[in-house]
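Report on the structure given below.
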Amino acid sequence: MFDDLSDLYQQVILDHCKKPRNFHELSGATRSAQGHNPLCGDQLKLFLAMDGEVIKDISFVGSGCCISKASASLLTEAVKGKTRAEVQKIFEQVHEMVTTGRVVGDVGKLAVFAGVHKFPARVKCAILAWHAVMAALQGEGQPVSTENDET
Ligand code: ZN
């Protein structure tokens, strides 16, 4: 389905899609946010347990396409233990990557999403979880939505 993505990248995405990491509700969550991508039907909810400015623990639940699930799964691994400012920076790197294909700095495994920019319809799938985590970090502990058309 993604002929232009390298085999390795496809494998990482498929692995995280089939076996999403941190895929459960988080009982000690202090913040949460929902993300909804109506174009594809992806829905997910992130749970964050903050310790001051640091994300102590993070998890997600939801359903959607392989890209959106893999992206959320890799996100939880990438931001655990990071500060709000660090997550903001990673968000900007991921946003640049999925919209232009340009990899800025060391993004680790998240580089698997650089090829997504060739598939405009998939960009929103890949960035959904990132919008949700930013919403969770910016909110005041109340559930928020990245989309307003959830009716
Ligand atoms: Zn999707």
Side-chain angles (χ1 to χ4, degrees), residues 1-27 29-50 55 57-80 82 84 86-104 107-151:
M1 97 180 126
F2 302 110
D3 291 339
D4 289 342
L5 294 181
S6 78
D7 284 350
L8 174 68
Y9 285 6
Q10 287 201 43
Q11 278 170 26
V12 172
I13 290 172
L14 282 174
D15 176 45
H16 278 264
C17 162
K18 286 180 184 153
K19 291 179 292 180
R21 317 299 198 271
N22 306 302
F23 190 66
H24 54 80
E25 297 201 2
L26 196 63
S27 54
T30 55
R31 288 161 185 267
S32 69
Q34 290 177 33
H36 179 213
N37 173 17
L39 287 179
C40 179
D42 309 315
Q43 299 216 42
L44 52 88
K45 185 171 184 185
L46 260 63
F47 301 88
L48 280 71
M50 301 295 294
I55 299 178
D57 205 359
I58 180 166
S59 71
F60 79 105
V61 296
S63 61
C65 67
C66 224
I67 295 274
S68 69
K69 258 169 127 172
S71 178
S73 174
L74 282 154
L75 175 149
T76 61
E77 289 192 331
V79 306
K80 202 182 279 192
K82 297 282 196 297
R84 189 196 304 249
E86 286 169 333
V87 175
Q88 168 79 41
K89 192 177 164 224
I90 303 171
F91 169 80
E92 284 161 14
Q93 289 172 315
V94 170
H95 191 268
E96 176 76 15
M97 223 166 42
V98 299
T99 53
T100 69
R102 228 159 54 84
V103 179
V104 187
V107 292
K109 271 195 231 166
L110 296 171
V112 300
F113 293 104
V116 168
H117 82 281
K118 293 176 193 151
F119 309 90
R122 293 295 185 177
V123 170
K124 275 185 176 246
C125 304
I127 203 76
L128 179 65
W130 289 94
H131 279 302
V133 77
M134 292 312 296
L137 287 173
Q138 282 154 11
E140 293 302 319
Q142 280 155 20
V144 289
S145 173
T146 54
E147 302 276 346
N148 292 321
D149 50 355
E150 272 195 305
T151 45

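Below, all heavy atoms of this structure are taken into account, side chains as well, without hydrogens, waters or symmetry copies. These figures come from a predicted structure and were not determined experimentally.
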Any side-chain heavy-atom pair of [X] and [Y] under 4.5 Å:
X    : Y    : answer
C66  : L14  : yes
H16  : V112 : no
K80  : I58  : yes
C40  : R122 : yes
V79  : W130 : yes
E96  : V94  : no
F113 : I127 : no

Euclidean distance, [Y] [atom2] relative to [X] [atom1], rounded to 0.5 Å:
X    : Y    : atom1 : atom2 : value
Q34  : L128 : CD    : CG    : 11.0 Å
E92  : M97  : CD    : CE    : 13.0 Å
H131 : Q138 : NE2   : CD    : 10.5 Å
D42  : S63  : CG    : OG    : 8.0 Å
H36  : S68  : NE2   : OG    : 11.0 Å
N22  : D57  : CG    : CG    : 7.0 Å

Heavy-atom pair with the smallest gap, counting every atom of [X] and [Y]:
X    : Y    : result
L48  : L26  : C-CD2, 4.2 Å
T76  : R21  : OG1-O, 3.7 Å
L46  : A129 : CD2-O, 3.8 Å
A132 : A33  : O-CB, 3.3 Å
A126 : S71  : O-OG, 2.6 Å

When I90 is tested against each of L110, V107, V133 for side-chain contact (heavy atoms from CB on, under 4.5 Å), which residue passes? L110
Ring centroids only, cut at 6.0 angstrom: are F60 and F47 within range, meaning strictly under it? no
Test item: S73 side-chain N/O and P20 main-chain N/O as donor-acceptor pair under 3.5 Å: no
R31 side chain to M50 backbone, donor-acceptor under 3.5 Å: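 Judged by distance alone, no pair lies under 3.5 Å.
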For E25 and V61: C-alpha separation, side-chain torsions, deciding distance, then whether side chain to side chain contact (heavy atoms under 4.5 Å, CB included) applies. CA-CA 6 Å; E25 297 201 2; V61 296; 3.8 Å; yes
